[in-house]
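Input: a single structure, listed below in structure tokens.
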2 protein chains.
Amino acid sequence: MNKTPHILVVDDNPEIRDLVSRFLIKDGYRVSTAGDGREMHKALADKRIDLILLDLMLPGEDGLSLCRTIRSTSNIPIIMVTAKGEEIDRVLGLEMGADDYIAKPFGTREVLARIKAVLRRVSGETSTQEASPRTKYSFAKWILDVDKRELLSADGIVTPLSTGEYDLLMAFVERPKRVLSRDQLLDLARGRSASVYDRSIDTQVSRLRRKMELDPKSPEIIKTVWGGGYIFTPEVSQS
Amino acid sequence: MNKTPHILVVDDNPEIRDLVSRFLIKDGYRVSTAGDGREMHKALADKRIDLILLDLMLPGEDGLSLCRTIRSTSNIPIIMVTAKGEEIDRVLGLEMGADDYIAKPFGTREVLARIKAVLRRVSGETSTQEASPRTKYSFAKWILDVDKRELLSADGIVTPLSTGEYDLLMAFVERPKRVLSRDQLLDLARGRSASVYDRSIDTQVSRLRRKMELDPKSPEIIKTVWGGGYIFTPEVSQS
DNA sequence: AAAAAAGTGTGTCTAATTGTGACAATCCAG
DNA sequence: CTGGATTGTCACAATTAGACACACTTTTTT
């Protein structure tokens, strides 16, 4: 794991979000924030998150409930954050699937230490990675087998994909009909953010098109949005 | 996203609108204002708004109610503004779908910080307001396929459109039979406002006409409104 | 462990798209 | 009808994307 971990800070207080983001970034992490459950789910759908810092008290669905929801579909590590005096919930939080627990007010050193510890602990596990709920996607004349990481044409013939090509295609397939910037794609497929003159996504898109498009010169599946990025146009169905 | 965000300031007090607009513009944002719900809805229909600064107390329909109305059709980020002493409404505001909350009187730095924070948070999400429920529009002898970003003649033959041509046509198709100024079109299609001698829309309209009109010299679909802009005349139906 | 193969990203050149300036054509007020 | 303002369109410059070669990494094979 040489990629810098991407941490999602979920707290309804914007000042706390800002404060925490700032020192996490300073320590070299990539950070996204969310103010409630809805935003959290959006972030989880759009980005490859490595760890969630989840406040217990939230408007709408509360932290415990969110924690359980996340656990039902993935095993992203979660650190619960709670205001002092709510310590009773510690056991409950851990039972809900949180990986650690920290009480407000907290020092930056403490949070950093816990994050590091949890990440180290989790990376050691032969992370079977989140159990993908669906195992096959169909689109255009292709089938993407998530379990086998294989691309099949409709008649079942395998088209070999490299790791990077597969990851990029996966990012597209899971977010069809949406314009995705190069930066987003890089985050989703590679887990890193773009550097100044980064053209690697273009190259990889070009390679994918060569393998998948009937006529790579006028692509039907992955289209270019000039000045914006790329968009995966086909209807995707799961099976 | 390199386009400068467009912020809509909704407040019934003209002095506050002016004050806020001024420092937002100074900070590089594009700004529109509205004094009540009616004007707000007009602005939302006419321009591509990236964020709404919404005062809680308004004549007619109040801020909370407007907030809910907006949320029912879009997910444009909203920051609620409220006079001091109304802090009780904080949770209520967030539950109504606001993304953040700020109390009057506020410092400019505070407002700018919150706006920046909300925009950054949202920028990772689906490009703000292109959740078109319908995927195809028909007009004249053309069909515009929104998913595939393709223009088809009635017999199904594809007419290639560049990204900019597609975006402009989309702006027209979604607002047919209305005079649209160059400034509006630039905002809707490009997400930026016109500079002094901006003729790019004219050029792009010319290019669209060349591809779509039977006789580009006497256009039937996109007509010129002398001194006003352009108007998309055909009846548009969705399918 | 060394060698070979496959995969990935950067730099360069080419192609496509877009915006701007120029100038002709058109429109409208007086 | 005339003149200034506005619009249509062309050519060109600037920006962005595609393709390809090559260097650098990682993985696999020997």
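Order of the sequence lines sets the chain letters (A, B, ...), proteins ahead of strands, with each chain counted from 1.
For DNA chain C, the residues of residues 177-192 of chain B within the heavy-atom distance limit of 4.0 Å (strictly under) are B/Arg190, B/Arg192, sorted by number. A heavy atom closer than 4.0 Å to some atom of DNA chain C occurs in B/Ser200, B/Thr203, B/Gln204, B/Arg207, these being the qualifying members of residues 200-223 of chain B.
In summary, A/Arg182 and A/Asp202 engage in a salt bridge, as defined by a charged side-chain N under 4.0 Å from a carboxylate O. Of the charged side-chain nitrogens involved, at least one lies within less than 4.0 Å of a carboxylate oxygen, so that B/Lys42 and B/Asp46 count as a salt-bridged pair. Between A/Arg17 and A/Asp11 there is no salt bridge, since no side-chain nitrogen of the basic residue lies less than 4.0 Å from a carboxylate oxygen of the acidic one. Between A/Asp187 and A/Arg30 a salt bridge is recorded (basic side-chain N to carboxylate O distance below 4.0 Å).
At distances below 3.5 Å, at least one donor-acceptor pair connects side-chain atoms of B/Glu39 with backbone N or O atoms of B/Gly35. Checking side-chain atoms of B/Thr233 against main-chain N and O of B/Ile221 turns up a donor-acceptor pair under 3.5 Å. Side-chain atoms of B/Asp50 come within 3.5 Å of backbone atoms of B/His6 as a donor-acceptor pair (strictly under, hydrogens ignored).
The structure places CG of A/Leu161 at 13.0 Å from CZ of A/Arg207, a figure rounded to the nearest 0.5 Å.
Counting heavy atoms from C-beta on, the side chains of A/Leu169 and A/Tyr137 never come closer than 4.5 Å.
Listed by chain and number, the residues in a side-chain hydrogen bond (donor to acceptor under 3.5 Å, both in side chains) with A/Ser200 are A/Asp198 (sequence neighbours excluded).
Of all nucleotides in DNA chain C having an atom under 4.0 Å from a heavy atom of chain A, the first and last in 5' to 3' order are C/dG7 to C/dT18.
Using a 3.5 Å distance cut-off with no hydrogens or angles, the side chains of A/Lys47 and A/Ser32 do pair a donor with an acceptor. Side-chain contact annotation: B/Thr224 with B/Arg209, donor-acceptor N/O pair under 3.5 Å present.
The side chain of B/Trp226 has D/dT7 as its nearest neighbour among D/dG18, D/dT7, D/dT16.
B/Tyr230 comes within contact range of the sugar-phosphate backbone alone, with a heavy-atom separation under 4.0 Å but no base atom that close. Using a 4.0 Å heavy-atom criterion, one finds that B/Val225 contacts the sugar-phosphate atoms exclusively.
Among residue pairs with one or both ends in residues 155-205 of chain A, none qualify as ring-ring contact (aromatic ring centres under 6.0 Å, His included); sequence neighbours excluded.
With axes fitted over five pairs at each extremity, the angle between the ends of the helix from C/dA1-D/dT30 to C/dG30-D/dC1 is 30° (10° resolution).
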